[in-house]
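Computed over heavy atoms, backbone and side chain alike; hydrogens, waters and symmetry mates excluded. Numbers for residues simply follow the sequence, beginning at 1.
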Amino acid sequence: MSSAVTPGQLGRNMSLNPVWVQKWEAVLSAAKAAGLRVHPVMAVWAEWNDGSGLRPGSFNWWHSSPFNAVNGGPAVHPYENFRDSSPCQTQWLHLLRLICDRWDRSGFVQSTLSSCRAGRSFPR
């Protein structure tokens, strides 16, 4: 199972895709049953890398990101996620808040996101 946020994992209605959630729930339930603490990685640098200045074939998945305007997302360039209150940043922070709200208090997920406990300042 890929941990990357791909089209369909954050639905058009800005909620988590139930199929994606079900897959993560299965992984997390198995870990809990085995007595393991989990540190899920739900996004990686490559998803925001458009390949600028890098060798061909490097880890750049921006072309398939659901945040890319080509795929119906809000951003033409990945750096738009770093612009305060941009549509891309707003959608990204919303996704993080949904993930935090769902799994941060589970007790067996090891620091779902450090921001979950650092003020819960995600926009609602």
Side-chain angles (χ1 to χ4, degrees):
M1 176 183 72
S2 170
S3 63
V5 177
T6 58
Q9 292 174 342
L10 181 61
R12 295 269 181 226
N13 61 358
M14 296 297 285
S15 64
L16 293 175
N17 179 318
V19 174
W20 184 77
V21 168
Q22 186 177 22
K23 289 177 181 179
W24 270 106
E25 291 288 351
V27 169
L28 299 175
S29 294
K32 184 176 183 180
L36 300 173
R37 295 179 65 84
V38 177
H39 185 106
V41 176
M42 306 218 176
V44 296
W45 163 79
E47 296 169 17
W48 298 97
N49 176 16
D50 65 1
S52 299
L54 297 174
R55 296 184 320 267
S58 62
F59 294 105
N60 55 327
W61 302 338
W62 176 246
H63 63 279
S64 63
S65 171
F67 294 96
N68 188 332
V70 171
N71 301 320
V76 174
H77 300 286
Y79 60 76
E80 292 177 38
N81 190 31
F82 298 103
R83 288 189 177 149
D84 286 342
S85 302
S86 71
C88 183
Q89 186 182 74
T90 300
Q91 185 175 335
W92 173 247
L93 292 176
H94 179 75
L95 172 63
L96 296 182
R97 186 179 64 77
L98 291 173
I99 291 169
C100 285
D101 287 350
R102 178 153 199 106
W103 288 300
D104 185 48
R105 300 191 201 298
S106 67
F108 67 95
V109 174
Q110 183 74 31
S111 180
T112 302
L113 296 165
S114 59
S115 301
C116 290
R117 293 187 187 92
R120 291 206 168 265
S121 60
F122 299 130
R124 297 211 178 249

Criterion side chain to side chain contact (heavy atoms under 4.5 Å, CB included) on Trp48 and Trp92, from CA distance to verdict
CA-CA 11 Å; Trp48 298 97; Trp92 173 247; 3.7 Å; yes
In terms of ring plane angle, is the pair His77 and Tyr79 parallel, tilted or perpendicular, where the classes change at 30° and 60°?
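If you compare the ring of His77 with that of Tyr79, the planes turn out parallel.
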Using the rule given for side chain to side chain contact (heavy atoms under 4.5 Å, CB included), can you reason through Val70 versus Val76, listing the C-alpha separation, both sets of side-chain angles and the distance that settles it, and then say yes or no?
CA-CA 8 Å; Val70 171; Val76 174; over 6 Å; no
Pairwise distance [atom1]([X]) to [atom2]([Y]) - rounded to 0.5 angstrom:
X	Y	atom1	atom2	result
Lys23	Asn17	NZ	CG	8.5 Å
Trp62	Asn49	CH2	CG	10.5 Å
Leu28	Leu36	CG	CG	11.0 Å
Ser65	Asn60	OG	CG	12.0 Å
Asn68	Glu47	CG	CD	12.0 Å
Glu80	Gln89	CD	CD	11.0 Å

I want to check something: taking the side chain as every heavy atom from C-beta on, are Cys88 and Asn81 in contact at a cut-off of under 4.5 Å?
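They are in contact (side-chain heavy atoms under 4.5 Å apart), so the answer is yes.
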Candidate pair Arg97 and Asp101, rule side chain to side chain contact (heavy atoms under 4.5 Å, CB included), full reasoning:
CA-CA 6 Å; Arg97 186 179 64 77; Asp101 287 350; 2.9 Å; yes
Verify, without hydrogens or angle tests, whether Ser64 (side chain) and Trp61 (backbone) share a donor-acceptor contact under 3.5 angstrom.
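Indeed, once roles are kept as given, a pair shorter than 3.5 Å links the two residues.
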Mind listing the closest non-hydrogen atom pair of Leu98 and Ser15 along with its distance?
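So the minimum-distance heavy-atom pair works out to CD1-CA, 3.9 Å.
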For residues Trp103 and Glu25, report the shortest heavy-atom separation together with the two atoms involved.
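Nearest heavy atoms, Trp103 then Glu25: NE1-OE2, 3.0 Å.
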